[in-house]
Structure formats: C-alpha cells, structure tokens
Amino acid sequence: MIRYITRRLLFAVPTLIAISFTIFALLDLAPSDPTGQLPLTIPPEVRAQIRESLGLDEPFPVRYAKWMRQFFVNEPLNLIERAFDVEIGDSDSRTRVISYATRSPVVDIIAERIPQTLWVIGLSYVVGILVALPIGIVSAYRQYSWFDQVGTFVSMVGFSVPTFFTGLLAIIVFSVMLEWLPSIYDTTHRVTDLGSFWVQIKQIFMPVMVLAFYNAAQLARFMRSSVLDNLNLDYVRTARAKGMRERTVLLVHVLRNSMIPVVTMIALGVPTIFGGAIITEQIFRVNGLGQLLIVAIQGADIPMVQTLTFLFAVLIVGFNLVADVIYGILDPRIRYD
Amino acid sequence: MTRDRAVCRRPALATALGATVLAGCGSDKVATDQSLASEAVENRHVNILYWQAVSTMNPYLSGGTKDVEAASLVIEPLANYDDRGEMVPVLAAEIPTRENGGVADDMTSITWTLKRDVVWADGTPFTARDVVFTGEYCLHKEIGCSADASFTDVQNFEALDDHTVRLTFSVAKPVPYGPFVGAITPIIQYEQFKDCTGIRAPECTAENFRPVGTGPFKVDEFRANDVVSFSANELFREPGKPWMKTVTLKGGGDAASSARAVLETGEYDYAWNLQVEPEILDRMLAAGKGEVVMGFGTNVERLVVNQTNADAGFGPERRSLLLEGTNPHPFLADPVVRRALSLAIDRRLLVEAGYGPSGRVTCNIVPAPPSYASTANEGCRKPDADEANRILDEAGWVPGADGVRSKGGIRLSILYQTSTNSVRQGTQALVKQMWQQIGVQTELRNIDGGVYFGSDPASPDTFQKFYADVQMYTSNFQSADPEFYMAAWVCEEAPGPDNQWLGTNVSRGCSAEFDGLAERLAATPYGDERFEIAKRMNDIVVQNHFLIPLVWRASTSARSKSLKGVRMNPWDSELWNIEDWHR
C-alpha cells in the first residue's frame, strides 16, 4: 500500500506541473485586463503604467518562471518561517505571490477565506450526506413505496433546479417575506456566547440548506441504486436464509457493500468544498474561496486565479488518491500491491 | 443594533432567543415603540453595501471607484467637491484662487494653506510634509499610480512652511485643481508610508490596508475583497463628529440583491451604485423600507460612431485606423447618415425602459455643470424618423428589396457593440428597431466588460480597437471641469498601433476647429470665455454626430429610511459627508 501511494504521489508531480502550465497559458491567452474595471476617467497612459508596475510587460516564460518560484519556493519558505518563527536566508527580498487587485499576498487572503468556506460549504456537504444516506437506503429497501416515490421526486427537483434559483427563492421567502433569516452573511461575526451562536446559525442556515439540498439529491439517488444492486445478490439471500434479522441484513451486510461506490463519490466530491459553491457564495455573500475566485476572474487578477485554480487541482489529484485508498480499505478484495 | 431591533419585531424568534431579549422588547405596542425610539438613538452603527468588494484602502494603488470611496472615510484630500460640484476645503484652510493670491497670475503655481491643528488618527500633527510626500509618492516612476493623471504637468511640490504647500506646473494651468482635490488624491501620512515608495509600495500590505488618516473613521479590520470595519476617529477635527460610531462596509454580490438588502429586507442602511431596471427597483421600493438617492453628475451613455473603416476584411494595418483621414468609413463618414441615425432615436423611450428616474434625455455630451452645458442641441429630444428618411432619400440612400438602404452597392448595415449588461442589451434592441424604421440594418454584439474596457492591445474586442461601426458606453469626467475630458477627442488621440491602441479619441472623428479650441481651452482661465469654448467643443462633437449622446445617467444608490444626512454626490466620493450621517 505504501509503495502504491508513493508511486501515485510521484506520478502526481508531472501532472500538476502540466496543469499549472496549462492554467497559466490559458489565463495569459485570455483577453482580460486588470485595469479593465477601472473608471474610464483614468486615461490609457496611466493604465499602461499600472500594467507595467504589475509586471505584465514581461514575456510569458519569465512571468511563469516567477510564479513557479514564488509559489513553490518562496511561499512554503514563508510558511515555515511563520510557523516556527525563524528566518531562512534573505526573507525580506523574497517576493511572494501578489494579487493584482489587492496588492497583497495571495496566500494570506486564501487563508483568511478558508474558514468561511469550510464552515458553510463543508457543513452543507455533511448535512447533505447525513440526509442522503438514510433516504437512499429506505428508498431502495421499500422500492416503489410512497416514500420512494416522494424521495425520487424531491431528489429530481433538487438535482435539476440550480442553486441560484433555490437560493434566490429561499431569500425571497425567508428574508423578504417572513423576515426570519438574514440574506447577507456576516463574515466578521464571532461566536462568543449562546446569543451570537444563534445568530451564526441563522445566517448560515440558508446557504447550508440550499447547498445540502443539491448535494443530498445527488447522493440519495446514488445510494438508492447502490443498495438496490446489492439487495438482489446471493449473499443477501444467504444471510436471510441463515435466519438473520432484516435489520442486520440491511444495515450490516448490504450497507457496508453498497457504501463502497458511495464513499468514493463522497471523497471525490471533497475538493468541490474548497472550490466553494461559487454561485451560492455569491448569492448569500459568503465571501469564501468561490467568491474570491469569481471576483479574481472578473478583475483579471491572474496571480489569484492561477494560485486558486492550482490549489484546486492539487486537491482533486489528492482526493482521487484518497478515494482509491479508501476503496481498498472498504473492499478487502482490492489490493494494490 | 439593527439585528436586535429586527428581533423585536418578530415575536416568534424573540421567544426562541429567551427571556433576556424579550424583556428588552416588551410585548405591548407602546413599549415596543419606546424601545424602537431609544434604539434609534443608540444605533450608531451604519451598514454599507458595495456590490464590488473593496480590494485595498490605498486608492493610489487601485483607482477602482469602490476602493477610492472606501478610503475616503479614512484619508482626505485638501479639498473635495460637494453635491453641487463646488469645491469645499477639507484639509485646506481655503480654496486658493487668483483673487486671494493662492493661484499665481501666470497660472503656473498654486499655493495651498493648510488647516492648523489637524492631527492624524495616531495623534501626530498633519503638516505640509505629508502633502509633499503624497505628491512624490504618486509621481514615483515605478509605482504605477492610478491618480497619475491628476498630477499632469506638475513640476515641483514644495513645503514653504509647516502649513503651506506650493505646487509648480510646467505650463500655465487655468484650472490648477487636479492634485489633492477630490477623493482620488487624498493625503497619506509621511510617517507611515515613508518606506513604501516606488517598487516597495505593493509590499506594504499593512499600510495599504490600514492607512492612518485624518478622516472621520479609522480602519479596525480589513478583509480584502470582503468587508471593512471602521470605528470613529476620536481625533477628528470637527468636534462631535462623526455621529456614527462604527461602520461596516461589506462587498460582493450584485446590484439587484444589494438594492434588496436595503429596500426590502432592511438589513443594510446604504447600498451603492444600483444599475437595476426601473420596474425591479419600483417593486422593491413598495416595501417602504428605504428610498433611492440620486445625483446627476456628468455620466452620459453615448453612441460612438466610427469614422474609420472597420471592415473585417482589412488587416490590423488598416482596420479602424484613421491613417490621416485616408481610411474613411464607407457610409458613416457621410454626415447625413450620422444625422439620420441620431434623428431616428427616441431617447425618452430608452430612458423609460432602462433607467426610469435615474436617467434623463440629453443632447449634450457635457450635460453639467450648468455653466458648461450647451443649449444649442435641444432638437434631439424629439425623434423624427420622417425627417431622417427624407434626408437619406435626398442623399441618394435608397431602400432595396429587403428595406435596407444602399447607395453605390454600399448597404447601411451596422455592427453595434457594447458591454454585457442587461440594461445595455435592452437599449441595443430598442435602437435596432428605431433604425430599422429608417432602413438601417443593425447587427448587435455584446462583449464582457472586463474584456471590452480592458486595454489589452492584442485583443480585438476592446472599445478602443473599435472593430465595429457603432458602440455604446458611459463615460464622464470627475472634477467639475471638462478640459481633460474633451481634450481626449482631438485628432491625434485616435487609437492606433503608434499609441498601442490607447488613444482616447475613440470615434476617430476629426475637426480642425475642435483641435484649435482644445488648445485655447487649456489656456483660458475660469470664466465666461472658458464656458463658451467648452460649449462650442461640445456642439462640434455632437452636431457632427461623432458621439451621439443618449442618456444622462445619475449616480444611484439606496438608503434606509432611518438613515439621515445622506447627500448624494456625483462629483466626488458618495460617502463624502459620512461624518454627518445620523438617524
């Protein structure tokens, strides 16, 4: 297993380098301009100066090499320095990846955003899983019952209605008409006591539910079909023939086997948490990683877009590996060595 | 706090919150009203929503409107423009003029006298050294200062004493109020920024995010592209101000949902820049929680008519290039066609459909201030498709079998481009119909704003490249004087490879008389003669139909009904008088 993981990690290195180059080249070819959002009262010569100060007049390979150095050498060194409070080499003259829009280190802003995204998007993922699994199991076990029919219908709705619609609908119902929940997420809110915890729950409720609905719909369908596949297999009949209780048959034998593909699905979906649900974050103004990415794309903040998309690529490659490993643990028949 | 008050109005949630909150709310109506009243006195927090999030608090490194306006809470210029477009002293003791001797008779220098006893939020005195430093900071070659244009022709900054600063210009400046006037050129503190000049400027993250200022507020917390928290500056020079104790400036989302947060849900007190279709805004206003504030500055939505041939068959060495007038547009070079295009447009309809009360019909490209606004073009208010058809017939443009006019094999078929924006696309569709009535065929195109207004010389889709026949956008001038704005339309400013396509005369329209007037304007002091020259320049551009003005657009924001003292200012930062905001 260790050998397998090492081999996969080594393979990941050229993959990621190729990805980083592709992203950089794509961004460079795109006809966007970091001064494009400035008011027209700023004359073109000044815009040219601004672009020059951002280093945009340098040739493509130079800028790519600079980013590589900043991201793979300077940023990790900086992290180590800060974590252990030491100084390695000439840290003052080491340039970090700097955003065009904020003129501050990209990595610091990303770090600032991670809590929001993890809280909101991560929680919605957890809620989605917790809701989806029981629904999927019961739907499969009582196939074509009214519960299954309703579950199928709701899943189809959740599956096919985009979050920008459900999100807006939720805001209109709960914020505008009922005035129960805030429509704008306050990222500066700190939970200190019961009262502020309640405020946090209220503000997190809508984005989490909207996303959880979408996630749960997908997973429930998947869980249902996986359980259905297993229910007709020989080992289930054997277990029942042995006189086992239905409960044990379903929740021990069937569940464990039908979880194998579902767990893979869940693991592969984790990177999307970090990717943030861009649209949902935008609607509720949960200014997390997704919103950061969309603002950076609109403003042609290339270092920011490059760094974020590359981090997402790392997560996707990483969780693919995790999914494969979990697969091996759940299913003893699969061996990688 | 707004949130607490909201809880009081909602018994269901108040119950859930427990007895402590309930006690504060009271259950009968009288008590509720009392608590509302006392909270209104207590609520010295204001929530502001900008749908573009603030990226930095140093406007010299950004130039984006959102950043300039957020910074205006903290750092201030010597003078700013009030809501009527008139200059008012801020850190200066008075506005220098030729009468009070502040502006030299030869107009090559201006001397500012600073207010005494002004201190920075850290307690140190504000002096002339800070002003001089700010000028030098922006003019440093490597910084890429976004306010550079405000310092055009400045030769030297000089502190005569602690409270006097003299700026010398390399040429005579009849209107020397570029530097340090208005929110785009605020004074930053020498002590804080002295090690942040030139190439080091972007590295000073802490300084750029939390500048020390003289303004009514100081930065408590800054989260880039998200939210800024401010608290009152106790050392602010006007005693008893600001009335608000804290400010939250949140960013993100879009214009429509920002409007909703103020007008419908009442979560926020102020929302910035709402270009939202009037019927949507009206529906939100019906909730009765807030109102729209507007100010008409100099924003004009206009059509730019290409005077050069934008034929897609041409290579980059010819397409949309002026080439000293040897590359005229096949039919838009004909003044009759341009006039007909303008005549056919029903501007009132465009205003009603896309702008409502936040737009007005305009026939001038310089609609304000009143002294600069021409009155010679009012005829455009009434559309006249018949007249347009008549002059086109007369000029020999005859309709073909498909209804499209042509002459000598040249069809009146127009490619009309603009940025992607629902109001603009609505306007495009209406104009297309209007032009159809005079036998002009129109093909519509829209381009993402980031690309269209970006100036990547390699991109074929920028508004400066203008690879189309007609395009539409809004532009304006910031100070209350149009000299620089109009100087941008002289012949030699036509975009082309020689200026990396960064020229500003986007229509490529050329008039020797206009160029001569532009030179005269630059040398004529403030007064009637100056107004007349500016009006004549406006008339030349408009009557030649190089630019076809459509809509005079207001700066539009929303405020909650409980927020008082907001004076919408289209000439400067919208938050220019936030120290006077109260409830």
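Residue numbers start from 1 in every chain, and the chains themselves are labelled A, B, ... in the order their sequence lines are given, proteins ahead of strands.
Heavy-atom distances place no part of Leu54(A) under 4.5 Å from chain B, backbone and side chain included. No part of Tyr60(B) comes within reach of chain A, as not one of its non-hydrogen atoms sits under 4.5 angstrom from that chain. Contacts between Leu61(B) and chain A at a heavy-atom distance below 4.5 Å involve backbone atoms as well as side-chain atoms. Neither the backbone nor the side chain of Tyr452(B) comes within less than 4.5 Å of any heavy atom of chain A. Using a 4.5 Å cut-off between heavy atoms, Cys204(B) does not touch chain A at all. Of the two parts of Leu56(A), neither the backbone nor the side chain holds a non-hydrogen atom closer than 4.5 Å to a non-hydrogen atom of chain B. Heavy atoms of Asp67(B) lying under 4.5 Å from chain A are absent altogether. Residue Ala300(A) does not touch chain B at all, counting heavy-atom pairs closer than 4.5 Å. For Gln282(A), the parts sitting under 4.5 Å from any heavy atom of chain B are the backbone and the side chain alike. The part of Glu221(B) that comes within reach of chain A is its side chain, from C-beta onward, which places non-hydrogen atoms under 4.5 angstrom from that chain. Arg96(A) does not touch chain B: none of its heavy atoms, backbone or side chain, sits under 4.5 Å away. Within the 4.5 angstrom heavy-atom criterion, no atom of Thr462(B) approaches chain A. Heavy-atom distances place no part of Ile297(A) under 4.5 Å from chain B, backbone and side chain included.
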Next item on the list: Quick one: do Arg260(B) and Ser175(A) satisfy side chain to side chain donor-acceptor pair (under 3.5 Å)? Show the steps, please.
Entry: CA-CA 10 Å; Arg260(B) 185 179 303 116; Ser175(A) 299; over 6 Å; no

Next item on the list: Would you check, one step at a time, whether the test side chain to side chain contact (heavy atoms under 4.5 Å, CB included) holds for Ile50(A) with Ser146(B)?
Entry: CA-CA 7 Å; Ile50(A) 294 174; Ser146(B) 65; 3.8 Å; yes

Margin query: Pair Arg285(A), Ser258(B) - check side chain to side chain contact (heavy atoms under 4.5 Å, CB included), show working.
Written below: CA-CA 10 Å; Arg285(A) 290 183 170 80; Ser258(B) 302; 2.9 Å; yes

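More than 12 heavy atoms of other shown residues, nucleotides or ligands fall within 6.0 angstrom of atom CZ in Phe213(A). With a 6.0 Å radius and a threshold of 12 heavy atoms from other residues, nucleotides or ligands, Leu26(A) has its CG atom above the threshold. Surrounding CZ of Phe205(A) are at most 12 heavy atoms belonging to other residues, nucleotides or ligands under 6.0 Å away. For Phe60(A), the CZ atom is densely surrounded, since the number of other residues' heavy atoms within 6.0 Å is greater than 12. In the displayed structure, Phe72(A) atom CZ is contacted under 6.0 Å by more than 12 heavy atoms of other residues, nucleotides or ligands. Summarising the local packing, CH2 of Trp119(A) is surrounded by 12 or fewer heavy atoms from other residues, nucleotides or ligands at distances under 6.0 Å.
Between Glu179(A) and Lys289(B) there is a salt bridge, with a side-chain nitrogen of the basic residue lying less than 4.0 Å from a carboxylate oxygen of the acidic one.
Checking Asn287(A), Thr188(A), Ile109(A) one by one against Arg223(B), the side-chain contact (heavy atoms from CB on, under 4.5 Å) holds for a single residue, Thr188(A).
The shortest side-chain heavy-atom distance between Arg113(A) and Asp226(B) falls under the 4.5 Å cut-off. At least one side-chain heavy atom of Thr102(A) sits less than 4.5 Å from a side-chain heavy atom of Phe209(B). Looking only at side-chain heavy atoms (C-beta outward), Pro44(A) and Thr504(B) come within less than 4.5 Å of each other.
When all heavy atoms are compared, the tightest approach of Pro39(A) to Thr65(B) is CG-OG1, 3.5 Å. When all heavy atoms of Leu38(A) and Gly64(B) are compared, the closest pair comes out as CD2-N, 3.4 Å. The heavy-atom pair separating Glu264(B) from Val176(A) by the smallest distance is OE2-CG1, 3.6 Å. A pairwise comparison of heavy atoms in Thr265(B) and Ser183(A) identifies OG1-OG, 4.3 Å as the closest pair. Here the closest non-hydrogen pair linking Ile184(A) and Lys250(B) is CG2-CE, 4.0 Å. Contact between Thr205(B) and Pro105(A) at its shortest, heavy atoms only, is OG1-CD, 3.5 Å.
If you tally non-hydrogen atom pairs under 4.5 Å between each of Ser475(B), Ala206(B), Gly144(B) and chain A, the highest count goes to Gly144(B). Of the residues considered (Ile294(A), Val295(A), Thr187(A)), Thr187(A) shows the highest number of contacts with chain B, using heavy-atom pairs under 4.5 Å. Your options are Thr474(B), Asn58(B), Val451(B), Val68(B), and the one with the most heavy-atom pairs under 4.5 Å with chain A is Val451(B).
A distance of 10.5 Å separates OH in Tyr485(B) from OG1 in Thr41(A), rounded to the nearest 0.5 Å. The distance from atom CG of Asp148(B) to atom CD of Gln49(A), rounded to the nearest 0.5 Å, is 4.5 Å. Rounding to the nearest 0.5 Å places CD of Glu267(B) at 10.5 Å from CG of Asp186(A). We find the CD1-CD1 distance between Ile184(B) and Ile42(A) to be 7.0 Å, quoted to the nearest 0.5 Å. With values rounded to the nearest 0.5 angstrom, Asn225(B) atom CG is found 10.0 Å from Glu112(A) atom CD. In this structure, Tyr473(B) OH and Leu40(A) CG are separated by 6.5 Å, a value rounded to the nearest 0.5 Å.
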